[in-house]
Structure formats: structure tokens, C-alpha cells
Number of protein chains: 2
Amino acid sequence: MIRLGKLTDYGLVLMTCIARAQSQDGNLHTARDLAKVSRLPLPTVSKVLKELLRSGLLASHRGIKGGYSLARDAHEVSLAEIVSALEGPIALTECSTDISGLCDLERCCPIKSNQQIISQIVKGALEKVMLSDLVQPLQLTAIKDASGKLVPTIGYLSGRMQ
Amino acid sequence: MIRLGKLTDYGLVLMTCIARAQSQDGNLHTARDLAKVSRLPLPTVSKVLKELLRSGLLASHRGIKGGYSLARDAHEVSLAEIVSALEGPIALTECSTDISGLCDLERCCPIKSNQQIISQIVKGALEKVMLSDLVQPLQLTAIKDASGKLVPTIGYLSGRMQ
DNA sequence: ATTAAATAGCACTGAACTGGTACTATATAG
DNA sequence: CTATATAGTACCAGTTCAGTGCTATTTAAT
């Protein structure tokens, strides 16, 4: 299984919660409130929010009446950014990053260039989905590429899905 | 970083090695030979090959003059299959699998259905790349979908890349 | 038949990573 | 000045993973 850490999962949930609430009241949201809404333990929520802040995806305000809010509009934040913020650069293997010296095979690895491309494919897929898309239900659809093959993509539902 | 275990990485390298060699001589390949070619430690290579065998991606022949070979043509094995064989079902989070009871939020998780779709996107991307594609260099290209957006995809190089 | 070489299938271990927690410092509204 | 919130760091425990070792089984060649 291609793993995404639990904290990243929480991050997606929290960002979605903030985006949902913010579209309604536009206020700041304390870690305490978000923990209650998301039903996640407060310390963990706090930790994740700090990470998201550090990456510039959230804005914060200290002191009493403080809290967190989205730094950008939900339409302008991709899943790739959220994942990168909590997991580091998106790459399927260490070899796929630009950092060298991580892999013994580096000199002669037969598939290095291909791996980078594979990572790019996955990254591209995540870049296509925006935070705003998570606020409302999505539907998986497919389009045909130049050669007639089906390419999975996403789109909004015209009716209700669930 | 979306992680793929080292063993899975090795699996991709080994499958590629076998596919490359097989297209030339068509013989069986012993774990020992593959370890030498891939420059990976023999015990680990052996372990990975056993896994790939168990998943039906490889065929084996015991005894002296034994070895491994591809169970299917390289054109008919997708990366998704290789990854699944070594990592389990492709899903970005446990929530995305069909197994229930793994997540406390299950009852009220606000983005469960979306997560399943996200996993599907990534899985779809991996299903589009076949083992045979790894044997020769790939190039990342982009096509336009119905709405005019660019969709990352892959294609062969007309010239030399490296 | 015997032997050598190869896969099959365990079970084990050491290390790294991750999720989670605690504590202290800092800022701010009232 | 105080209560409440974030900021930052450091730490701990559990789990997972890569890697190893050992034994059984199969098979070709002698």
C-alpha cells in the first residue's frame, strides 16, 4: 500500500473542516474547536496545525480570541501541497528526489529516470485536486486521451451522490 | 513523501531486469544472477522474488538449472500490480480500503468518499504504466482533457533521451 | 542412487520511523 | 494583570520494515 501517514490524513480532514467552516462564518478556528469537530485528540490536532502553518497553508493569530484560518482560498490549495507540507516532497522512492547519495544504485540504477517520471505522474494527479474539491463530493470520471485510452480524472456531480 | 518501501523499489528494479534479459535470451534467471546484475544483496533479492512469485507475477522452476521468469508478457503487467504485490492494496490511507473498523472517524469522517476517489486517481495513474514501459526510457507528456486542462501522461521518446 | 544447486517457507532480530505527549515560551484581548 | 491561545522543542513508546538465517523440497547431472 502506498502509505500516507495518519498525520497527513488528519491534515486533510482538518483543512477540509476549516475550509467548510470558513465558507460559512469566515472566523478563526481554535485548535480546540477543530479537535471537537474532527473528533481528533487535541494535542495531535495542534501538532498538525503547526506543521500546516509552517508550510504557509494556514495563517494564525495568537492570544485570546486567536486561532487558525486558511492562508489562501480553498480553490488555490492543491492536495499535493497539503501532502507535501506533512510528508515532504512527493516522491515514491527516495531515488526519485533530487537529493543524491541516498541510493547505492545511483550510478547504475536501471530505472532511475523512469521512477522520477512515475512520481511525477502521481504528483500531477494530486495537483489536480484542490482543497475546495474536498468540501463537496467528487465523482470519478474518465476521459479519452489522444490515443483513445481512458484517463481517470475527477469532476463534480450534477446530482447527489450520497 | 508518499512512501514506497525499499523492497517494492527493489521489486521494480528486479522485474525490469528480468524483462530486459528475457526479451534477449528468454531463459530463466536465478536469484544469484539477478542479485549480481541489480547489485542488490542476494537474500533480499530472494525474498522479493518469492513475494512476486506468490502474487503470480513470476513463474519459477526449482532445482539445479532452475530460476525465475515473467509469468506474463511485460506489456501485460502494470506498475499497479507490482506495487500491490509488494505493498498490498493501493490506497493512500487505511480508510480508503474496504476494510472497516480501522478508523475511529468511520462513522462521521467528512472526507471518506473523497479519499477513496483520490486513491483511485493514484491507482489509475499506476495502472497506465506497464512493465514494458520501464524497459525503455519514458517521457512525460501532457494531453488536454475535455475541459482543456492539461493532464499528465506518458509516452515513448522518438529520439534518444539519455 | 547420490550430489550439487536452486527455490519454498518459515521465524527472528535490530533499527528506524511515526504517532502521540509533555513542557515551556510567547503573544494578546479584555 | 490575567486568562487563553498559539510556538517551539524535546521526548517516549509502539509498530513497522529491512535484512538475515535456517531448514525443507525439488531437480538436473553424474
Side-chain angles (χ1 to χ4, degrees), chain A residues 1-14 18 27-36 38-69 71 83 85-88 93-95 102-105, chain B residues 1-14 18 27-36 38-69 71 83 86-88 92-95 102-105:
Chain A
M1 170 158 58
I2 301 178
R3 237 186 47 204
L4 222 58
K6 271 193 184 182
L7 294 183
T8 304
D9 195 14
Y10 297 165
L12 290 171
V13 174
L14 291 171
I18 297 177
N27 288 340
L28 294 176
H29 309 280
T30 68
R32 193 176 305 271
D33 289 347
L34 289 170
K36 191 168 293 181
S38 63
R39 308 207 183 186
L40 296 171
L42 174 56
T44 302
V45 166
S46 189
K47 182 179 190 173
V48 172
L49 291 174
K50 285 172 194 170
E51 281 290 312
L52 293 170
L53 175 77
R54 238 169 40 86
S55 305
L57 295 177
L58 291 179
S60 72
H61 193 67
R62 286 200 194 184
I64 198 170
K65 291 264 179 181
Y68 293 92
S69 62
V83 170
L86 295 164
E87 301 268 340
T93 60
E94 285 178 339
C95 309
L102 291 170
C103 176
D104 296 338
L105 297 177
Chain B
M1 171 156 58
I2 302 178
R3 238 187 45 206
L4 221 59
K6 271 192 183 182
L7 294 183
T8 305
D9 194 15
Y10 297 165
L12 290 171
V13 174
L14 291 172
I18 298 177
N27 287 342
L28 293 177
H29 309 279
T30 68
R32 191 176 306 271
D33 290 345
L34 289 169
K36 190 168 294 183
S38 63
R39 309 207 182 186
L40 296 171
L42 173 58
T44 303
V45 166
S46 189
K47 183 179 189 173
V48 171
L49 291 174
K50 284 172 193 171
E51 280 292 311
L52 292 170
L53 175 78
R54 238 169 39 89
S55 304
L57 295 178
L58 290 179
S60 72
H61 192 66
R62 286 203 197 181
I64 199 169
K65 291 265 180 183
Y68 294 92
S69 61
V83 170
L86 295 164
E87 301 268 340
L92 291 184
T93 60
E94 286 179 339
C95 309
L102 291 171
C103 175
D104 298 337
L105 296 177

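Convention: sequence-line order gives letters A, B, ...; per-chain numbering from 1.
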> Taking any heavy-atom pair under 4.0 Å as a contact, classify B:L53: base, sugar-phosphate, or nothing.
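Sugar-phosphate contact only - B:L53 comes under 4.0 Å of backbone atoms but never of a base.
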> Can you list the residues that meet the side-chain contact (heavy atoms from CB on, under 4.5 Å) rule with B:L42, with sequence neighbours excluded?
B:A31, B:R32, B:A35
> When you check every protein heavy atom under 4.0 Å of nucleotides 19-30 of chain C, what one-letter string (B, S, -) results, 5' to 3'?
BBS----BBBB-
> Find the distance B:D9:CG to D:dG19:P and express it as a whole number of Å.
11 Å
> Work out which heavy atom in A:G11 is nearest to a heavy atom in A:V48; give both atom names and the distance.
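So the two residues come closest at CA-CG1, 3.7 Å.
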> How long is the gap from CD1 on A:I64 to OG1 on A:T30, to the nearest 0.5 Å?
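Between A:I64 CD1 and A:T30 OG1, I get 11.5 Å after rounding to 0.5 Å.
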> Is any side-chain heavy atom of A:L49 closer than 4.5 Å to one of A:I18?
yes
> Compare every heavy atom of B:G56 with every heavy atom of B:A71, then report the nearest pair and how far apart it is.
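Heavy-atom minimum between the residues: CB-O, 3.3 Å.
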> Take the protein atom CG of B:L40 and the nucleotide atom P of D:dA18, then report the distance between them rounded to whole Å.
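Taking atom P of D:dA18 as the reference, CG of B:L40 is at 13 Å.
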> How close or far is atom P of D:dA28 from atom CG of B:L28, stated in whole angstroms?
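Atom-to-atom, B:L28 to D:dA28, this comes out as 11 Å.
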> What pairs of nitrogen or oxygen atoms, one from the protein and one from nucleotides 13-15 of chain D, lie under 3.5 Å apart?
none

> Whole angstrom is fine here: how far is it from CG in A:L49 over to P in D:dG8?
13 Å
> Kindly say if B:T30 contacts the phosphate of C:dA5, meaning a side-chain N or O under 4.0 Å from OP1 or OP2.
no
> What is the distance from atom NZ of B:K50 to atom OG of B:S60, rounded to the nearest 0.5 Å?
11.0 Å
> Please report the closest heavy-atom contact between B:K65 and B:L28, naming both atoms and the distance.
O-CD1, 3.9 Å
> Can you tell which of A:L58, A:L14, A:L34 makes a side-chain contact (heavy atoms from CB on, under 4.5 Å) with A:H29?
A:L34
> By the 4.0 Å heavy-atom rule, please label A:R54 as base, sugar-phosphate, or nothing.
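No contact at all - A:R54 keeps every heavy atom at 4.0 Å or more from the nucleic acid.
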> Side chains of B:L86 and B:L7: does their closest heavy-atom pair fall under 4.5 Å?
no
> Specify the separation, in whole Å, of atom CG of B:D33 and atom C1' of C:dA6.
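Going from CG in B:D33 over to C1' in C:dA6 covers 11 Å.
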> In whole Å, I'd like the distance from the CG atom of B:L34 to the P atom of C:dA6.
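Result: 12 Å.
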